[in-house]
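We name chains A, B, ... by the order of the sequence lines, and we start the count at 1 in each one.
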Amino acid sequence: MRRLARRLAGGPWLVGTLVFLGWPGSAAAGAESYRMSAHLDPEARKVLGTAEITWLNSSTVAVPDLQFHLYFNAWRDSQSSFLTAAERWIRVGGRRLPEDWGGIDVTRISVRSIDPENPRGGVRFSQDLAAETEFIQPDDGNPYDKTVWRVLLKRAVQPGERLQIDLEFETKVPRTFARTGFRGDYFFLAHWFPKLGVLEYDGTWNCHQFIQTEFFSDFSRYDVRLTVPSGWIVGATGREVERRQEGGQTTFRYVEDKVHEFAWVTCPRFQEFKRTFQVRGLPPVELRLLLMPDHLGQEDRYFAATEATLRYYGEWFGPYPYGYLTIVDPAFGSGSGGMEYPTLFTGGTRWWNPKGSGSPEGVTVHECGHQFWYGIVASNEFEDAWLDEGFNTYSTERVMQIAFQPTFVVRRYLYGFVPYLFGDLVRSEEAASGLNGFESPLKRDVMARPAYQYGPGAYRVNAYTKPALMLLTLERLLGWDAFRQVLATYFGRFAFRHPRPADFQQILEEQTGKDFSWFWDETLYSSNVFDYAVEEVATRRDGQEVLVRRWGEAIFPVDIRIVFEGGDEVLEQWDGRDRWHRFRYERPEKITRVQVDPGEVLALDVRRVNNSWVRDAPTRLAARKWSSKWAVWFQHMLEFLAFAG
Amino acid sequence: MWIDILRTGLCKLWGQRRLILLVYLLNLVLALPLALEVERQWRGFLGASEAAEELVQGFNGRWFSEFGESTESWDAVADPTVSGAGALLGPLDLFVTGRFPFLSPVLVGAGGVYLAFWIFAGGAFVASCRFKGRVRWVDWAGLGVRYFGRCVRLAILFAVVMAACFWLSAFLGGVVEGATRDVVDERVVFGWTMARLTLVMGLLWLARQWFNYARALVIVEERSSVGLALLRALYLMWRHAAVFGALVVTLLLISWALFGVGIRVSPGVGQESGVGVFMAFVVGQVFILGRITHRAFSGVGYWAFHQRILEAWWLPASVGKEVFEEQGVASESPQETGGGEKQ
């Protein structure tokens, strides 16, 4: 018994179980449970739904209203804030016919206060939809945006009081604008129901409009019945606990505790595959893959990527606690790929997809990884998008480097249908980060600004690229083992909770015993960029000089490595504060190589080409090599142009 | 008959081999200054950086990313997939998907100059078939000038046809998109898209052959009306469909073979020395030369086709004398059959 207890106590099993049960303390949820039904009419492309929501006022003040997200209203018409922004920043492709639009309408709402002594009793109030509800626009004031719906209660809800909210609603499923919708007989439904915002402890609602960010909601219990035509395969958040067939329709019941979203997918064409993830020291996970028929043959690739994620994230941060996971291979052109939902995610691949391209492995690792950063550690994606996207991008890159290298550059021709894999062009993920030198998009906005307020062109770089490189910099500064411990502590402490940036900062300093305020000032709270360079290596009468320079506005201590003829090396440290620094050497051996930040600790350096100097660098040869290849390309272009003659 | 046509065409082309080199040199001369500018930009970007070592030893995408972000230059300058098979696949894709007009103005301008020269050269290659043996460049150029106006008119008409084909491609693209908007099987959409491209490119290719033949007619029969020449070409194509079809298919197969071999053997990024870089460039030039030769052969082949079906190998004496007296050059071949159909 003692031996067993010792074994269990040391294992991730115990941590995972305790985390799942809510220890060491998940936040009290506002929306405690959603009991819903959804009836899909594929012909009309509508979902008729009911919801019974149990909600607790966990704040310290009386609350006079309820605020709901009605995400699907972003696609009701072209005047929503989502589409107004998308027209500016994202090209929304494809023709839109009248039947392509979506929307969600609540047709009935009633509210009942739950008496803890008499849970089935209490006074029920119907709310007048016209007089007692309204659409509000707390973020941009766009009067046509209907993604936040406010219900003015007949009386305020007291702190600690629990409500039961009953809703009936009708959701018109759009042809996908982003993430959710239909194509043919494939339906992917996320954010399809009225969803309560998050009530903060001070009684204010954290309920943002749906513009350019992702989502945020309470951890709840979801118990959902999904009715679809018989023969249609369903995948959903949670575990299937019941299935009933009646009159040409099948109703599936899915249940899950401690998730903050319920997404589902249905299509009669899915091919189903199952596998069990089993790695020593981690809890088993039942994997269920729903694969489209034109992607048959790629199931092993999906499973391999998922298992690698569960293994490495589990070993590094903490185990995946739910016991099952649904992988959805999205239909071609459905627009639902590359997205995460609790216990379910969508990958994405192409019918013709050569091995070694990094697809679908990359997107699968990333979206599976979101089960951890987003699903379990559930930061507010409206405000702190980088806390899940940045963490996950950083973690994804690590898994890809370990498990799926090398990957090669693939160019898709003929409207993207025909791939060609360049077997001598190995992909470098950091190269894909697009830091863009001095014109860097990092300068577009400060990362600490709430994500929904980011200016044009700033979201992607501040939510994904910059935080990932920031974390990589921290890892290289501290060493992997120490940084992994920081991440694991953060994961364990904030599992099933909603952390803010300050929470991670506090854990970093607690675990390392160091003050990192200087680092946050330069990265999180500033849009300044880092750029260190070797400016000059010169031979003077009294010796040799190395001049290094800080071109960027941001400051970071860097090492400088100087190599002499004969192989002798010197490693200098520079605090990086001044605009320049000179190193002098009085020795006969010539300097052959200089590297600023040789270990590439500062992953955020926007221009690495100027970080090194080599005596007799083969610059001319390199330039000629690549310009001559371009010349041949252009010569072929000329020949095609001559076709007209 | 078809073999005779090919043999005759090849003989005529052999006689103009130095002039094929002239066209190739223009291709090279148009590309070189731009490539030298690209080289200059790369040198400026790399400085004395270690990046130069990495780019010589192979490939590192990071440097392409940084280079692309630091230079305001032309298309594909910072695209590593211009190497290897990408040197052929990239331009082919741009052509088939109709994106040439959207390239950098400098590239389009250089392409316009090259196109104008090919219009000239196309006529010159066909007209020079009247000579036996080696063709002098001055005669070649003179004939090019003589028929340039007619060739330009043909080229303008062909440009209209091309525009119509690409318009059709866009139209069919909309049709395919509309017809497949609820198709979830990519293979179906792929099939429709390839059918659309095959139809459009097939029409374009056939139109090219038609105009190539019309050009031969314009020159051989001294026609000033290109419209009538086009109609006559259609008639003769129909009359001699089997031979014409064999010629078209042969030209197509040669084109595919050139591309196939080119894609297979185009050097990648493995050159680490000046000699290696030079040899890789030379291999690229061999394929360019091959394509130019193929294009010249397309024109000359239709001359041979026309001559063969008329069973006349030389121009009628009156026309030949008139042409050569104009140029002050004695006719090389005295075979005056007086045959051929009336104009």
Quick one: does [X]'s side chain get under 4.5 Å of [Y]'s, heavy atoms only?
X	Y	result
A:Phe332	B:Arg187	no
B:Thr193	A:Phe417	yes
A:Arg175	B:Asp182	yes

Could you have a look at [options] and say which one has the most heavy-atom pairs with chain A under 4.5 angstrom?
options	result
B:Phe158, B:Trp42, B:Phe278	B:Phe158
B:Thr180, B:Val161, B:Leu154, B:Leu92	B:Leu92
B:Asn27, B:Asp185, B:Val38	B:Asn27
B:Ala280, B:Ala87, B:Gly111, B:Gly268	B:Ala87
B:Leu28, B:Ile263, B:Val189	B:Val189
B:Met162, B:Glu53, B:Arg295	B:Arg295

Tell me, side chain or backbone of [X] under 4.5 Å from chain B's heavy atoms, or both, or neither?
X	answer
A:Ser334	neither
A:Arg615	neither
A:Tyr413	both
A:Val409	side chain
A:Phe422	side chain
A:Phe643	both
A:Met292	side chain

Looking at [X] and [Y], what are the two nearest heavy atoms and their distance?
X	Y	value
A:Arg183	B:Arg181	CG-O, 3.4 Å
A:Ser627	B:Glu39	OG-CB, 3.3 Å
A:Trp633	B:Gly86	CD1-O, 3.8 Å
A:Tyr415	B:Val96	OH-O, 4.4 Å
A:Met637	B:Phe100	SD-CE2, 3.4 Å
A:Ala631	B:Phe281	CB-CE1, 4.2 Å

What part of [X] gets within 4.5 angstrom of chain A, counting heavy atoms only: side chain, backbone, both, or neither?
X	value
B:Ala110	both
B:Arg40	neither
B:Leu30	both
B:Leu197	side chain
B:Ser273	backbone
B:Val113	neither
B:Gln41	neither
B:Ala159	neither
B:Ser83	both
B:Arg196	side chain
B:Ile156	neither
B:Phe190	both
B:Ile292	both

Checklist entry - Can A:Gln635 and B:Phe287 be said to form a side chain to side chain contact (heavy atoms under 4.5 Å, CB included), step by step? => result CA-CA 10 Å; A:Gln635 287 179 281; B:Phe287 282 105; over 6 Å; no
Chain B contacts, top residue of [options] (heavy-atom pairs, under 4.5 Å):
options	result
A:Gln595, A:Arg269, A:His295	A:Gln595
A:Val614, A:Val537, A:Asp616, A:Val594	A:Val614
A:Pro618, A:Pro330, A:Pro293, A:Ala617	A:Pro618
A:Ala331, A:Ala644, A:Gly184	A:Ala644
A:Asp424, A:Val632, A:Asn611	A:Asp424

Do other residues, nucleotides or ligands put more than 12 heavy atoms under 6.0 Å from [X] [atom1]?
X	atom1	answer
A:Glu99	CD	yes
A:Arg460	CZ	no
B:Trp192	CH2	no

Next on the checklist: I'd like to know if B:Glu50 and A:Arg593 make a salt bridge, using a cut-off of under 4.0 Å between side-chain N and carboxylate O.
Outcome noted: yes
Checklist entry - Is the shortest distance from a Lys or Arg side-chain nitrogen in B:Asp79 or A:Arg411 to a carboxylate oxygen in the other one below 4.0 Å? => result yes
Next on the checklist: Nearest 0.5 Å, please: how far is CD in B:Gln271 from CZ in A:Arg624?
Outcome noted: 14.5 Å
Checklist entry - How many angstroms lie between NZ in A:Lys625 and CZ in B:Phe59, if you round to the nearest 0.5 Å? => result 10.5 Å
Checklist entry - When you look at B:Glu66 and A:Arg608, which way does the salt bridge (charged side-chain N to carboxylate O under 4.0 Å, His left out) test go after all the steps? => result CA-CA 8 Å; B:Glu66 284 195 18; A:Arg608 293 213 75 90; over 6 Å; no
Checklist entry - Within the side chain of A:Thr619, is there an N or O that forms a donor-acceptor pair under 3.5 Å with the backbone of B:Gly47? => result yes
Item to check | Backbone of B:Ala78 reached by a side-chain donor or acceptor of A:Trp630 within 3.5 Å | outcome: no
Next on the checklist: When you measure from the centre of the six-membered ring of A:Phe640, is the NZ or CZ of B:Arg291 closer than 6.0 Å and no more than 45° off the axis?
Outcome noted: yes
Checklist entry - Of B:Val269, B:Leu46, B:Val277, B:Val56, which is the lone residue that meets side chain to side chain contact (heavy atoms under 4.5 Å, CB included) with A:Trp626? => result B:Val269
Checklist entry - Going through the checks in order, is the side chain to side chain contact (heavy atoms under 4.5 Å, CB included) test met by A:Leu414 and B:Met194? => result CA-CA 8 Å; A:Leu414 299 185; B:Met194 291 303 112; 4.0 Å; yes
